[in-house]
Structures are given as C-alpha cells and as structure tokens.
Amino acid sequence: MIDLPALTALRAVATHGSVVGAADALGYTPSAVSQQVKRLERQTGVPLLERVGRGVMLTGHGRHLVDEGGRLLADLEQLEAGLHRQAGAISGHLRLTTFSTAMRGLVAPVVHDLLTTHPDLTVSLTEREPWDTVELVATGQADIGVVHRWGDVAISVPDHVATTQVAQDVADVIVHPAHPLAGRDRVTPADLVDEGWIATPEGTICRQWLNRMYDGTGRLPRIAHTAMEFDSHLALVRAGLGIALVPRLGRQPLDGVVAVRAHDPVPTRDVVAVHRRSMADSPAVAAVLTALNSVVE
C-alpha cells in the first residue's frame, strides 16, 4: 500500500526541485523527507529519485507516480470535503495565504470572527506575493489564497484552481501636503509624467500596473525610490521624497500626506480568493469565502 504522506513528500520534491526545498515547504527536516521517499521506494519496488550532481531529480517512475498520485490526492481531498459537507462540519485546519494589505484589511478580521464562531476550525496564515500564493494553492501547500489582479495585468491560474472575487480595491496617488497636486480633486497620468515615484520592486504586479497606467503618454514612470511595503511608501511621501500609488485596502491613516484620486484610468484591482476545485464542497472553505465577501459588502 502506497503511503500517502510519503507520496505528498515526493510531490513536494518534484515541485521544489530538491529535498531541502520540499522540507522547507512541508515543515519537515530534509532527513525526514528523504526517509519518506525511501519508504515509498521500498513500497513500490522502483527507484523514484536519482542523484544529479549535488541535487536530485525524479526518475521516470517517480514522475509517473507524482502525476498519477496527484489525481489520487485530489480525489481523496474531494472525498473528505464531501464528507464534511454531509456532516455540516466547519472544522479541521486550513492554510490561508495572502498578500500584505489584504492580511491587514481583510483576512485578519475574517479569521478572528471565524475562529470565534467555529471553535473546531483552525487556520494558519502566511503572507506571500500573488504569484507565489497561486502556486502554493495549486501544488497543495496552501488551501485558500487571496490574491489581487490589477486591470488587465494577468495572473495565471491553473485549471484545477477555482477563483472567487471577494472585493474590489482602488488606489490613490499619495502626495505631500505641500505638493502642487495636493489641492487637485483628481489627476491623470499626463499630470504625473515628470514626477518621481516611490514604487514596489520591478516584477511585482503593482509595479506592472504603474507602468501600464502610463500607456499613451509616451513615457514610463520615473522611479525615484523602491520599497516593498506601502507603509514605507507613505513614510517616504511624508518625508517629501516623491509620490506613490497606494491601495486603500489595509492602508494606514494618511497622517501628513494627501490622497488624490487617479483618473483615466482609475487604478482598480480585484481581490480574488483561490482554492483547489477538489475542495469546493468543503464547508470550511465555503465559510471562509462567505466571510471574505461579507467584510466588504
């Protein structure tokens, strides 16, 4: 009989490309992951990993087992979700991954209320970027993810992952009170072509959207400073070091800065929950989705 935890360990090795990476993702030691894979090799009677330099890769047998075993794990997950639905049980443990502003403005109050209402439910929270969150959910390392999508800046979601929009968020241009634009009701990208921006790092979704805002101006935003956290953006604007585009969700009080509405386009992002379709019948997942929607209604 194939050991399911060992199969999960092998799948994590395939996903992360190493025993160490699998161990980090699963919360085990590398030695424990290696032992699980060896146990699986004894059970199946075929080699599943082979050494390549200092690393490992799956053999053909190992790849077949991961591919077929993934469907088995999904079927078991669907079976468990259906049983919980029949029992009407909002219980068990959910791993929820989200981005920073949603953690503060959306997820924290939701999880607090859920745990109070459903004492048999436990939730662990992790903060990650949207692309990472989708991968964690898709590969079974998280159960629910909350991600954001800006306008037509795409985020790829595999077919076996379902999406549910739970909120819509808007970003404002944040300026110092002494800035010439501070008294404006709204601004367009054409008003901002010569400004120095405080932006998230290159490659982030928010940075891509800032670049996309400038379509039609013949220019790209001039990046003066780079910071990952929007709280840092507010601090830098407060110090008079530039302007920033900061979403309203989870935003700290605007002490010492001014928010000006952006127009043409309005920087809007969808906040989307993702989960594996095999968990669609889970009452716990349904309760989280309902709670996320209720916060913003």
### Query
Under 3.5 Å, is there a donor-acceptor pair linking the side chains of S124 and H93?
yes
### Query
Taking atom types as modelled, is there a side-chain donor on R269 or T101 under 3.5 Å from an acceptor on the other?
yes
### Query
Is it true that V260 and L254 fall in one hydrophobic cluster, defined by side-chain heavy atoms closer than 4.5 Å?
no
#### Entry: Non-hydrogen atoms of V19 and P30 that approach each other most closely
CG1-O, 3.4 Å
### Task
Look at the aromatic rings of W150 and W209 and report parallel, tilted or perpendicular, splitting at 30° and 60°.
parallel
### Query
Looking at CG of L48 and CZ of R39, how far apart are the two atoms once the value is rounded to the nearest 0.5 Å?
12.5 Å
### Salt bridge flag under 4.0 Å for residues R95 and D143
yes
### Query
Are any of the side-chain heavy atoms of S294 and V110 separated by less than 4.5 Å?
no
### Query
Do D191 and T188 have side-chain N/O donor and acceptor atoms under 3.5 Å apart?
yes
### Query
About how many Å separate OG1 of T97 and CG of L136, when rounded to the nearest 0.5 Å?
5.5 Å
### Query
Is the shortest heavy-atom distance from the side chain of V157 to the side chain of V272 under 4.5 Å?
no
### Message
Show, in sequence, the C-alpha distance, side-chain angles and deciding distance for V285 and I144, and conclude whether the side chain to side chain contact (heavy atoms under 4.5 Å, CB included) test is met.
### Response
CA-CA 7 Å; V285 170; I144 301 177; 4.1 Å; yes
### Query
Is H275 close to V288 at the side-chain level, that is, under 4.5 Å between some pair of heavy atoms?
no
### Query
Looking only at atom types and distance, does a side-chain atom of D169 sit under 3.5 Å from a main-chain N or O of L249, one as donor and one as acceptor?
yes
### Query
Can you find a heavy atom in the side chain of P265 that is under 4.5 Å from one in the side chain of M213?
yes
### Query
Which value, rounded to the nearest 0.5 Å, describes the distance between E202 atom CD and Q208 atom CD?
8.0 Å
### Query
Taking it one step at a time, do W197 and L245 satisfy side chain to side chain contact (heavy atoms under 4.5 Å, CB included)?
CA-CA 8 Å; W197 285 94; L245 187 69; 3.8 Å; yes
### Task
Could you tell me whether D194 and R219 have a side-chain N and a carboxylate O separated by less than 4.0 Å?
yes
### Query
Is it true that V274 and I155 fall in one hydrophobic cluster, defined by side-chain heavy atoms closer than 4.5 Å?
yes
### Query
Heavy atoms, side chains only, cut-off 4.5 Å: are V173 and R184 in contact?
no
#### Entry: Backbone N/O of V246 and side chain of H233: donor-acceptor pair under 3.5 Å
no
### Query
Is L210 reachable from F230 through a run of I, L, V, M, F, W or Y residues, each pair having side-chain heavy atoms under 4.5 Å apart?
no
### Message
Within the structure provided, determine whether T15 and E135 are in side-chain contact (heavy-atom separation under 4.5 Å).
### Response
yes
### Query
Any side-chain heavy atom of T126 within less than 4.5 Å of one from Q141?
no
### Query
Just how far is it from atom CZ of R63 to atom NE2 of H61, taken to the nearest 0.5 Å?
14.0 Å
### Task
May I have the step-by-step check of side chain to side chain contact (heavy atoms under 4.5 Å, CB included) for V107 and L125, ending in yes or no?
CA-CA 9 Å; V107 171; L125 301 175; 3.8 Å; yes
### Message
Hydrophobic clustering (ILVMFWY, side-chain heavy atoms < 4.5 Å, transitive) - are Y214 and V266 grouped together?
### Response
no
#### Entry: E195 vs L181 side-chain heavy atoms within contact, under 4.5 Å
yes
### Task
Look at the side-chain heavy atoms of Ile, Leu, Val, Met, Phe, Trp and Tyr, link any pair under 4.5 Å apart, and say whether L58 and V33 land in one connected group.
yes
### Message
With rounding to the nearest 0.5 angstrom, report the CG to OG1 distance, N293 to T164.
### Response
7.5 Å
### Query
What are the two closest non-hydrogen atoms of V258 and P177, and how far apart are they?
CG2-CA, 3.9 Å
### Task
I would like to know whether R207 and T226 meet side chain to side chain contact (heavy atoms under 4.5 Å, CB included); could you show each step before the answer?
CA-CA 10 Å; R207 179 69 165 270; T226 301; 4.3 Å; yes
### Query
Which distance, rounded to the nearest 0.5 Å, do you find between the CG of L220 and the CG of D215?
8.5 Å
### Message
For G145, is there any backbone N or O sitting under 3.5 Å from a side-chain donor or acceptor partner on T133?
### Response
no
#### Entry: Where C206 and T200 come nearest, the two heavy atoms and their spacing
CB-OG1, 3.5 Å
### Task
Output yes when R248 and D172 qualify as a salt bridge under the 4.0 Å nitrogen-oxygen rule, no when they do not.
yes
### Task
Indicate the atoms forming the closest heavy-atom contact of A227 with L236, along with that distance.
CB-CD1, 4.5 Å
